[in-house]
Every structure is written in C-alpha cells, then in structure tokens.
Chemist: 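Mind having a look at this structure? Questions to follow.
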Amino acid sequence: VNDTPPQDSTPASILMVDGDVVSRHAIADYLRHCGYAVVEAASTDEAMIALKEPTLSIDVIVCDVAAIGSQSGFELANWVRQKRPELEVRLAGSFEGAAQTAAELCESGPHLAKPYEPEAVIDYIKRLRANRSGA
Amino acid sequence: VERTGDEVVESPKRGINGVESSASARRRKRVAALHPRCRGRTIHPHGRKLRDAGYSVIEAVNGDEALTILNSGATIDLLFTDVSMPGSIDGLGLVAFARASFPNLPVVVTSAHLLPADFVACGTPFLSKPCPIEQTLEMIRGQLMQRK
C-alpha cells in the first residue's frame with residue numbers, strides 16, 4: 001500500500017515587491033513571523049527575476065502599486081494574472097494597505113496567528129520614515 | 001535571483017515595537033545584508049541562511065537602501081556588505097559612513113575582487129567571495145561576540 005503522506009513541509013512563499021526598504025523589510029518581517037517564506041524584490045524587474053527562478057515557488061505576490069521598475073505594479077499584476085493565473089496577487093496602494101494585506105494573509109497563514117497587530121507594523125514604519133526625513 | 005552585495009545589520013531581534021516576538025523568546029541578532037546587483041539581485045542565498053541560523057536580517061539592495069536603514073533608527077547589530085554596488089554609495093563608502101556615524105557597529109565586508117590584505121590594513125573583517133555560509137556565520141558570530 002502506498003500511503004506516503006504528501007510533503008507539506010514547505011511553507012507558503014510570498015513575493016513582496018516594494019521599492020521602499022523601510023516598509024518592505026517591516027512587512028516582510030511580519031509575514032515571516034506568520035510562518036511564510038518571503039522573497040523581497042525592490043522593483044518589478046526583480047520581481048520578474050524571482051518569478052522566473054525555478055528554485056523559488058511563489059504562491060502569493062504582495063505588490064506596491066507604485067513599485068519601481070520597467071513595469072508598474074499594475075502591469076506586473078496583469079502579467080501575472082495572464083501568465084501565472086495560479087498565483088494570488090494582492091496590490092497595495094500604501095504601506096498601510098500592505099500591512100493590512102499582510103494581516104489578512106496571516107489569518108490564513110502557516111502559524112494561524114498574527115504575531116502582533118498590523119497597526120504595530122504601521123507605527124514602526126512611520127517612526128523609521130520620520131527619522132529618515134528628519135535626518 | 002542573485003544579490004551581489006550583502007549588507008547585513010544585526011540587532012537583537014525584537015518584534016516591531018521592541019516587543020520580543022513570541023516565536024523567539026531567545027534574543028536574536030539583527031543582521032543587515034546589502035546586496036549589490038549581479039544579474040538583478042533579490043534573493044541572496046545568505047539572507048535565508050542567516051535567518052535560519054536565528055538572525056533577523058534586513059536586506060538592502062544597494063548602498064542607498066543601506067543608508068536609509070542605518071539612518072532610520074532601526075536597531076542594527078552588524079553590517080555585512082559587498083564592495084561593488086549600484087547606487088550613489090558603494091560598499092567602501094558605506095563602511096566609511098558606518099565607521100564615522102556608528103563607531104560601535106561591527107562591519108563585515110565581502111568582495112569577489114578585492115583581496116583580504118586590502119582590508120587587514122584597515123582592520124575591517126573581510127570575507128572573499130564566494131564564501132560558504134559556515135564561514136560567514138562564524139565571522140558574524142565572532143564579530144558580535146567581540147562587541148558584547
């Protein structure tokens with residue numbers, strides 16, 4: 001009898017596309033705490049490289065609408081919907097939106113629990129951004 | 001996707017807000033990894049491995065992102081950087097900035113082109129690329145221990 005259980009040890013992978021290192025790292029970190037494997041891309045071009053990389057199996061893309069690169073976030077989303085319809089795409093118009101999206105993904109994420117409230121992520125990003133602009 | 005440069009900044013791992021995340025009761029160190037571009041960059045193989053080793057890693061894709069992080073007030077325990085990177089500041093400029101602005105921040109430099117001797121002279125820990133993860137971890141661990 002072949003009753004080998006399916007291998008379910010690979011965590012779901014999220015591709016986080018955001019040109020702002022402050023919000024990208026904060027939200028990626030939050031998603032990692034939720035149990036996801038997160039690949040960070042600083043531009044839509046990097047995102048395309050990640051999507052075409054056979055060793056990475058991406059399940060969900062969280063993309064800043066205003067992501068930099070030769071494509072906009074919208075164009076990347078359209079490309080994915082046409083060419084890789086199996087992938088879930090979440091477009092975020094702001095880092096607040098991205099944090100909320102991350103919180104929603106955490107609800108169904110591998111750990112089934114949010115590590116902290118998304119408001120904490122937003123506050124953290126605001127604090128770092130304030131320091132940056134004040135420098 | 002490959003990142004060329006690696007800047008890793010390490011800091012005690014607190015969840016955002018300084019709250020220790022429940023998943024890691026033990027303190028983690030935060031490493032900022034800076035990756036210059038090779039063929040694009042994105043997934044630095046060491047970023048994942050450093051996380052697996054228990055570090056919190058902030059990945060910067062170029063010197064400008066690294067400066068943003070260093071200046072943001074994010075808690076960083078160690079900076080791990082490549083030398084040649086795109087952007088307005090390269091790895092050596094970044095090291096100089098870090099030395100001047102954060103004299104207690106340990107820095108580890110990696111390069112595929114420069115020689116260790118170039119760095120021994122100025123006392124900066126150096127790893128030649130390609131560099132196995134074990135060696136990288138050992139260097140990072142050692143540098144963090146020295147600062148305790």
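Side chains are part of it too, since the values below use all heavy atoms of this structure and drop only hydrogens, waters and symmetry mates. The chains referred to below are lettered A, B, ... by the order of the sequence lines, with proteins before strands, and numbering in each begins at 1.
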Chemist: Do A:I68 and A:L91 sit in the same hydrophobic cluster, where Ile, Leu, Val, Met, Phe, Trp and Tyr count as joined when their side-chain heavy atoms come under 4.5 Å apart?
Modeler: no
Chemist: If you define the side chain from C-beta out and look only at heavy atoms, does anything of B:R51 sit under 4.5 Å from A:V38?
Modeler: no
Chemist: Does the pair B:V57 and A:E40 meet the rule for a side chain to side chain contact (heavy atoms under 4.5 Å, CB included), with working shown?
Modeler: CA-CA 12 Å; B:V57 180; A:E40 298 177 42; over 6 Å; no
Chemist: Tell me, which pairs form a side chain to side chain donor-acceptor pair (under 3.5 Å) where one or both residues lie in residues 67-77 of chain A, sequence neighbours left out?
Modeler: A:D45-A:S70
Chemist: Holding to disulfide bond (SG atoms under 2.5 Å apart), I want the full list of residues that pass it with B:C131, two or more places apart in sequence or in another chain.
Modeler: none
Chemist: Going hydrophobic residue to hydrophobic residue with side-chain gaps under 4.5 angstrom, can you get from A:V65 over to A:V89?
Modeler: no
Chemist: Shortest non-hydrogen contact from B:E65 to A:A42?
Modeler: OE2-CB, 3.9 Å
Chemist: Check B:S72 against A:L128 and note the closest heavy-atom contact, atom names and distance.
Modeler: O-CD2, 3.2 Å
